[in-house]
Protein chains: 2
Amino acid sequence: MPYEKIKNILRQSNLRPTKQRIAIFDILFRQENWHFSADIVEKKCSESGVKISAGTIYNVLNDFYAKGLISKVMIDDDRSWFDTNISDHFHVYDTKDRKLYDVEPEDIDISLPKSIKEDDVKKVEILIKV
Amino acid sequence: MPYEKIKNILRQSNLRPTKQRIAIFDILFRQENWHFSADIVEKKCSESGVKISAGTIYNVLNDFYAKGLISKVMIDDDRSWFDTNISDHFHVYDTKDRKLYDVEPEDIDISLPKSIKEDDVKKVEILIKV
DNA sequence: TTACATGCAAATGCTTTGCAGTACT
DNA sequence: AGTACTGCAAAGCATTTGCATGTAA
């Protein structure tokens with residue numbers, strides 16, 4: 001993605017377009033809809049010849065998440081997993097090879113309990129473990 | 001619960017009925033279907049006058065979980081949460097007061113994607129954040 | 001008595017934080 | 001210039017582990 005475009009996206013989110021944020025954003029959105037943890041990003045950075053400290057990577061990912069540029073995947077793991085897919089969707093988790101796959105909302109029919117007011121629902125997380 | 005009964009349950013799960021395991025089991029199943037983390041168990045133990053080290057509490061909870069005596073709740077938190085309810089069910093998470101509530105499977109209608117073979121599904125986790 | 005469990009403290013691994021220096025606006 | 005961000009290392013926190021001691025079978 002052209003750096004000017006990335007800069008604009010960051011500015012629109014009230015994030016200063018620093019070298020590190022631009023580099024991480026570029027790496028994250030080079031491929032679409034994938035799942036990553038902080039250490040994967042760190043590895044990808046150094047593979048791309050960009051040295052960014054672990055602390056900064058955590059800060060940048062948390063900033064991106066806070067601004068809604070990326071989402072978090074709820075999964076029972078010792079690391080936090082993020083997702084470039086920020087639209088409503090669910091996940092399939094392959095417990096054998098520990099890999100995550102997206103499930104689009106139109107592929108799942110779900111009706112919540114009547115006792116829950118629809119307006120109160122902030123998010124519905126569904127993880128299908130196979 | 002009578003200690004003899006607890007001892008039998010532990011023995012049936014191939015767990016030696018030690019003083020600590022009995023005490024923790026007793027505390028866990030004194031109330032039904034509740035959610036707890038290791039530090040809550042530790043607190044409940046000392047409130048009951050039983051001093052059990054943190055390491056042992058983690059070991060015992062993990063043993064109980066491995067034997068299917070308790071279940072784990074998948075939730076985006078810095079601590080692990082367990083559940084005495086081991087039947088298939090889902091959760092509502094109140095993000096305001098950070099409390100969990102059970103949802104019985106008959107209260108939710110869900111149909112999984114056709115692309116997933118039913119026999120492959122190990123578990124379906126649903127968390128409704130309100 | 002023999003295998004297994006506990007206690008304690010140290011180690012681990014992810015994540016956050018404090019602060020001095022650096023870069024964006 | 002002023003403010004925000006980064007780098008680094010240290011701190012934090014939940015959890016696991018190693019080993020000597022203790023306890024169930």
Side-chain angles (χ1 to χ4, degrees), chain A residues 3-4 6-27 35-46 48-67 69-70 72-82 98, chain B residues 3-4 6-27 35-46 48-67 69-70 72-82 98:
Chain A
Y3 275 25
E4 264 320 310
I6 296 177
K7 285 187 177 180
N8 283 334
I9 294 170
L10 293 176
R11 268 193 273 259
Q12 277 163 29
S13 296
N14 272 311
L15 294 171
R16 271 196 192 167
T18 64
K19 212 174 57 172
Q20 293 80 354
R21 284 173 175 165
I22 292 168
I24 291 174
F25 190 99
D26 192 30
I27 282 164
H35 309 97
F36 51 90
S37 52
D39 63 309
I40 290 177
V41 174
E42 194 172 8
K43 205 180 297 171
K44 288 252 175 196
C45 283
S46 51
S48 301
V50 186
K51 169 82 190 89
I52 303 178
S53 72
T56 298
I57 288 175
Y58 278 102
N59 290 338
V60 169
L61 292 182
N62 287 337
D63 290 343
F64 283 7
Y65 174 61
K67 300 299 185 178
L69 296 174
I70 59 178
K72 252 186 189 167
V73 183
M74 189 189 63
I75 180 182
D76 181 28
D77 191 59
D78 41 11
R79 293 173 294 182
S80 287
W81 287 85
F82 296 91
R98 303 181 63 185
Chain B
Y3 275 24
E4 266 319 311
I6 296 177
K7 284 187 179 180
N8 284 333
I9 294 170
L10 293 176
R11 268 193 273 260
Q12 277 162 32
S13 297
N14 273 310
L15 294 171
R16 273 197 191 166
T18 64
K19 214 175 57 175
Q20 293 80 356
R21 284 173 175 166
I22 293 167
I24 291 174
F25 190 100
D26 193 30
I27 283 164
H35 309 98
F36 52 90
S37 53
D39 64 307
I40 290 177
V41 175
E42 193 172 9
K43 205 180 295 170
K44 288 253 175 195
C45 282
S46 52
S48 301
V50 186
K51 168 84 190 85
I52 303 178
S53 71
T56 298
I57 288 175
Y58 278 102
N59 290 338
V60 169
L61 292 181
N62 287 337
D63 290 344
F64 284 6
Y65 175 61
K67 301 297 185 178
L69 296 174
I70 58 178
K72 252 186 190 168
V73 183
M74 189 189 62
I75 180 184
D76 183 29
D77 191 59
D78 41 12
R79 293 174 294 182
S80 287
W81 287 84
F82 296 91
R98 302 180 64 184

Colleague: State whether Gln20(B) places a side-chain N or O below 4.0 Å from either non-bridging phosphate oxygen (OP1 or OP2) of dG7(C).
Modeller: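 Yes, such a contact exists.
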
Colleague: Would you confirm whether Arg11(A), through its side chain, and Pro17(A), through its main-chain N or O, come within 3.5 Å as a donor-acceptor pair?
Modeller: no

Colleague: With DNA chain D as reference, determine whether Arg21(A) or Trp81(B) sits nearer its 5' end, using the nearest nucleotide of each.
Modeller: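 Between the two, 5'-proximity favours Arg21(A).
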
Colleague: Is Asp39(B) touching bases, backbone alone, or none of the nucleic acid, heavy atoms closer than 4.0 Å?
Modeller: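 The answer is nothing, as Asp39(B) stays clear of every strand by at least 4.0 Å.
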
Colleague: Taking for each residue the nucleotide of DNA chain D with the nearest heavy atom, is it Pro17(B) or Ala54(B) whose nucleotide lies nearer the 5' end?
Modeller: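 Closer to the 5' end of DNA chain D: Ala54(B).
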
Colleague: Rounding to an integer number of Å, can you tell me how far Glu42(A) CD sits from dT15(C) P?
Modeller: 11 Å

Colleague: Rounded to the Å, how far apart are Asp77(A) CG and dC14(C) P?
Modeller: 9 Å

Colleague: Output the rounded distance in Å from CG (Asn62(B)) to C1' (dT6(C)).
Modeller: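 Those two atoms, CG and C1', are 15 Å apart.
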
Colleague: Is there a side-chain contact between Arg11(A) and the phosphate of dT25(C), meaning an N or O under 4.0 Å from OP1 or OP2?
Modeller: yes

Colleague: Quick check on dA5(C): is either OP1 or OP2 less than 4.0 Å from any side-chain nitrogen or oxygen of Asn59(B)?
Modeller: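 Asn59(B) to dA5(C) OP1/OP2: no side-chain N or O under 4.0 Å.
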
Colleague: Under 4.0 angstrom, heavy atoms only, what part of the nucleic acid is Arg79(B) near: base, sugar-phosphate, or nothing?
Modeller: sugar-phosphate

Colleague: Give the minimum heavy-atom separation between Ile24(A) and Cys45(A), together with the two atoms involved.
Modeller: CG1-SG, 4.1 Å

Colleague: From CD1 of Ile57(B) over to P of dG7(C), roughly how many Å is that when rounded to an integer?
Modeller: 9 Å

Colleague: Which atom names give the shortest non-hydrogen contact between Asp78(A) and Arg98(A), and what distance separates them?
Modeller: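 Where Asp78(A) meets Arg98(A) most closely, the heavy atoms are OD1-NH2, 4.5 Å.
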
Colleague: Using a heavy-atom cut-off of 4.0 Å to chain B, what are the terminal contacting nucleotides of DNA chain D, in 5' to 3' order?
Modeller: dA14(D) to dA25(D)

Colleague: Please round to the nearest 0.5 Å and tell me the distance separating atom OH of Tyr3(A) and atom CG of Leu10(A).
Modeller: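 One gets 11.5 Å once the value is rounded to the nearest 0.5 Å.
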
Colleague: Please state how far atom OH in Tyr3(A) lies from atom P in dC24(C), giving the value in whole angstrom units.
Modeller: 13 Å

Colleague: So Thr56(A), base contact, sugar-phosphate only, or nothing? Heavy-atom distance under 4.0 Å.
Modeller: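 Since a base atom lies under 4.0 Å of Thr56(A), the category is base.
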
Colleague: Can you give me the closest heavy-atom contact between Ile27(A) and Ser48(A), atom names plus distance?
Modeller: CD1-OG, 3.9 Å

Colleague: Atom NZ of residue position Lys72(A) - does it have more than 12 heavy atoms of other residues, nucleotides or ligands inside 6.0 Å?
Modeller: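 Counting neighbours around NZ of Lys72(A), more than 12 heavy atoms of other residues, nucleotides or ligands fall under 6.0 Å, so yes.
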
Colleague: Find the distance Ile40(A):CD1 to dC14(C):C1' and express it as a whole number of Å.
Modeller: 14 Å

Colleague: To the nearest Å, how far apart are Leu61(A) CG and dC14(C) C1'?
Modeller: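 After rounding, the gap between these two atoms is 13 Å.
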
Colleague: Taking only residues two or more places apart in sequence or in another chain, which ones pass salt bridge (charged side-chain N to carboxylate O under 4.0 Å, His left out) with Lys7(B)?
Modeller: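 Checked Lys7(B) against salt bridge (charged side-chain N to carboxylate O under 4.0 Å, His left out); matches are Glu4(B).
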
Colleague: Do Phe82(A) and Asn62(A) have side chains that approach each other closer than 4.5 Å (heavy atoms only, starting at C-beta)?
Modeller: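 Of all side-chain heavy-atom pairs linking Asn62(A) with Phe82(A), at least one is under 4.5 Å.
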
Colleague: So what does Ser37(B) hit on the nucleic acid, given a heavy-atom distance under 4.0 Å: a base, only sugar-phosphate, or nothing?
Modeller: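 Touches nothing.
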
Colleague: Assign Lys7(A) to base, sugar-phosphate, or nothing according to its heavy-atom contacts below 4.0 angstrom with the strands shown.
Modeller: nothing

Colleague: To the nearest angstrom, how far is Tyr58(B) atom OH from dT6(C) atom C1'?
Modeller: 17 Å

